[in-house]
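The sequence lines fix the lettering, A, B, ..., with proteins before strands; numbering per chain opens at 1. Just the heavy atoms: all of them, side chains too, but no hydrogens, waters or symmetry mates, feed the values below.
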Amino acid sequence: MSEAHPPAKKKQKKRKRPDPRLPRGFRDLPPGDLVLRREMIRRVCEVYERYGFTPLETPAVEYVETLGKFLPEADQPDGGIFAWRYDDGEWVALRYDLTAPLSRYVAKNFQELGMPFRRYQTGPVWRLEKPEPGRYREFVQLDIDIVGAGSVLADAEVIDVLAHAMEALEIPRGSYLVCVNHRRVLNGLLERAAVPPEKTLPVLRALDKLDRLGLDGVRALLGPGRRDQGSAAGEGDFTPGADLAPEQIETLLAFLAAPAEGRRGYLEAVRPLVEGTPDGDAGLAELAELDAILDERGLGTDRVVFNPTVVRGLGYYTGAVVEVVLTFEVEEGAERRRFGSVAGGGRYDDLIARFTGQKVPATGASIGVDRLLAALKALGKVETDTAGKVPVLVTTMDRSLRREYQAWADELRAAGIATELYCGSGNVGKQFKYADRRGFTVAVVAGGDEMSRGEVSLKDLRLGKELSRSEELAADRKQWLEQLPGQFSVPRERLVDGVREVLARYGR
RNA sequence: GCAGCCGUAGCUCAGCUGGUUAGAGCGCCUGACUGUGGAUCAGGAGGUCGCAGGUUCGAAUCCCGCCGGCUGUACCA
């Protein structure tokens, strides 16, 4: 094969060998994580269904104009999405959320759908953004929406279902908080502060940054602008400010300082700042009604609060805006960090009109599955050590007993116990090593000795691991072999019972 | 996107101001201890020094570009 020109051949082959790499921002999901994610999604969907939401699935690819990301000037989609062009010149893209496809779906099937239409949907979405720790270019969302209902009751329903989803995941009350604000209240504030239309975007962006930049940072952004510190050597980047006058800025900051002490308290604090503007009055009225509905449902301020700093999606929401934040802190290296937002949503009454020309009210929310899962791990609310692991391994030490090994595996499987039959090569030692590494709980082992007694041996691998750390066994292999820590034998017909017993020790 | 820092074995890193065959620990594989994970012992595999150029007699080490990672910032439907 390589006699003729070995070095050249080798070199060539090496050059062609591909790197087993992944495109930037993408990742594999190993069994443990996948199992946890599926379980989490299952629980949340169960809540969704209990609230009368029915499932819907739409394709990963949509026309760019459907997604509303077409640049009007250039003949090109906006950045931030994965887009490409078909042969006929049409631009398509991977969806970047589940709401735009829903709007398209509703517009397309408007006649058949009875109008308050509620659905839930889960699946991956893609965004071409800078990946960060815990933030990828492909991630999963879990959405609920109610289309065709403009009532505050619909908004309350969304809030309610979010709170219950959190509790279905066993996030303790007090560790999560549904924060609510209202877009029209913000509009009223902007009007009161005499913020010109062309500055509303920068102003809202600035208000949204309170938690990260603090009051002084926001003040700078509303005024002359802000330079970030960068690193020690660098200058940092300059963010242009909104250039507002000092009294405008103070009006806005006074709003941010509105107490979140009770929803009623928020309303009273905010009222003087926005009252008298059409938007402000309408927004306040809706929030007041929302407060009443939440009360009727028994959703107190331990679960749902009004909060002036919730701004969210800028050119998008038209009414109530919602954000679920996790309030506990988590150790991250030396620092403690707030976990932050795991879900968001709100009312978007203009999205479907893009297609139909007819205003169709809609409200909904989206849970960020991966962020929430990270939170559950931090909370210790998920079994990370057994997720994705098979409990039982039937070892195959003696070729002549093949028939028996298979029968045992079958028996365990029939009893509903996930069982792997060892198919690899190697002696028992190797098989135990494998069992240890892969995290099995029980190993079934039998050779001539057991067979002659009509028994099988079961090994509690976790107990064995524990025992192997003990003093006596530490250095003495002979003792190790004599004691076979964690191992015991049962009559062959008690195989399933014996395995169950060991599994029960670990609640499996 | 912008700015700064970083990129040496699977992992964590060493390799001084450029100088011969690039190292360690852990991990991995094989074997021994006669049917057992751990411990111990004996061997072994594994590195295009992120990639591609340039400077040089000579580069992992200096310069440029690209890719990737981290941090901050911008954008975020």
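- B:rG46 and B:rG23 have their P atoms separated by 14 Å, given to the nearest Å.
- Heavy atoms of A:Q431 sit nowhere under 4.0 angstrom from any nucleic acid atom.
- Pairing analysis of RNA chain B (Watson-Crick: purine N1 to pyrimidine N3 plus N6-O4 or O6-N4; G-U wobble: N1-O2 and O6-N3; both under 3.5 Å) yields stems of 3 or more pairs at B:1-7 with B:67-73, B:10-13 with B:23-26, B:28-32 with B:40-44.
- A salt bridge does not link A:E286 to A:R184: none of the charged nitrogens lies less than 4.0 Å from a carboxylate oxygen.
- Look at CD on A:E466: it is 17 Å from P on B:rG37, rounded to the nearest Å.
- Here the separation of B:rG44 from B:rG7, taken at their P atoms, is 31 Å to the nearest Å.
- What separates CG of A:L463 from C1' of B:rG38 is a distance of 13 Å, to the nearest Å.
- Separating the CZ atom of A:R437 from the C1' atom of B:rC29 is a distance of 10 Å, rounded to the nearest angstrom.
- Comparing A:L351 and A:G25 along RNA chain B, the residue whose closest nucleotide (by nearest heavy atom) sits nearer the 5' end is A:G25.
- Heavy-atom distances to RNA chain B give each of A:A435 and A:T239 a nearest nucleotide, and the one nearer the 5′ end belongs to A:A435.
- Between the side chains of A:T58 and A:Q121, a donor-acceptor pair is found at a separation under 3.5 Å.
- Rounded to whole Å, the separation between the P atoms of B:rU20 and B:rA60 comes to 10 Å.
- Annotation: the span from A:L190 atom CG to A:R183 atom CZ amounts to 9.0 Å, rounded to 0.5 Å.
- A donor-acceptor contact under 3.5 Å is formed by the side chain of A:K130 with the base of B:rU73.
- For the residue pair A:Y434/A:E420, the side-chain donor-acceptor check at 3.5 Å is satisfied.
- B:rA32 and B:rC49 have their C1' atoms separated by 37 Å, with the value rounded to a whole Å.
- In this structure, A:D398 reaches neither bases nor backbone, as no heavy-atom distance under 4.0 Å exists between it and the strands shown.
- Straight-line distance between the P atoms of B:rC70 and B:rA77: roughly 23 Å, to the nearest whole Å.
- Screening A:V442, A:L467, A:T441 for a side chain to side chain contact (heavy atoms under 4.5 Å, CB included) with A:R462, the sole residue that qualifies is A:T441.
- Salt bridge status for A:R219 with A:D216: present, with a side-chain N to carboxylate O gap under 4.0 Å.
- Comparing B:rC5 with B:rG65, their P atoms are spaced 13 Å from each other, to the whole Å.
- Judged as a salt bridge (Lys or Arg N to Asp or Glu O under 4.0 Å), and not counting sequence neighbours, A:K389 has no contacts.
- Atom CD of A:E132 and atom P of B:rG1 are 13 Å apart (whole Å).
- Going from atom CZ of A:F82 over to atom C1' of B:rC76 covers 14 Å, rounded to whole Å.
- No contact: A:D208 has no heavy atom under 4.0 Å from any strand.
- Residue-to-nucleotide contacts include a donor-acceptor pair under 3.5 Å from the side chain of A:R127 to the base of B:rA77.
- Nucleic acid contact class of A:G447 (heavy atoms, under 4.0 Å, all strands): base.
- A straight line from CZ of A:R135 to C1' of B:rU73 spans 13 Å, rounded to a whole angstrom.
- Atom NZ of A:K209 and atom C1' of B:rC75 are 8 Å apart (whole Å).
- One can place CG of A:L401 at 15 Å from P of B:rG35, the figure rounded to the nearest angstrom.
- Just one of A:D145, A:T122, A:T99, A:D143 meets the side chain to side chain donor-acceptor pair (under 3.5 Å) condition when paired with A:S366; it is A:D143.
- A donor-acceptor contact under 3.5 angstrom links the side-chain atoms of A:E450 to the base of B:rG35.
- Annotation: B:rG10 and B:rU48 have their P atoms spaced 9 Å apart (nearest Å).
- On a pure distance criterion of 3.5 Å, a polar donor-acceptor pair joins the side chain of A:K459 and the base of B:rU36.
- If you check the side chains of A:D350 and A:T318, you find no donor sitting under 3.5 Å from an acceptor.
- Across B:rU36, B:rG68, B:rA74, the shortest atom-to-atom separation from the side chain of A:Q487 is found for B:rU36.
- Comparing the P positions of B:rG53 and B:rG38 gives an interatomic distance of 46 Å, to the nearest angstrom.
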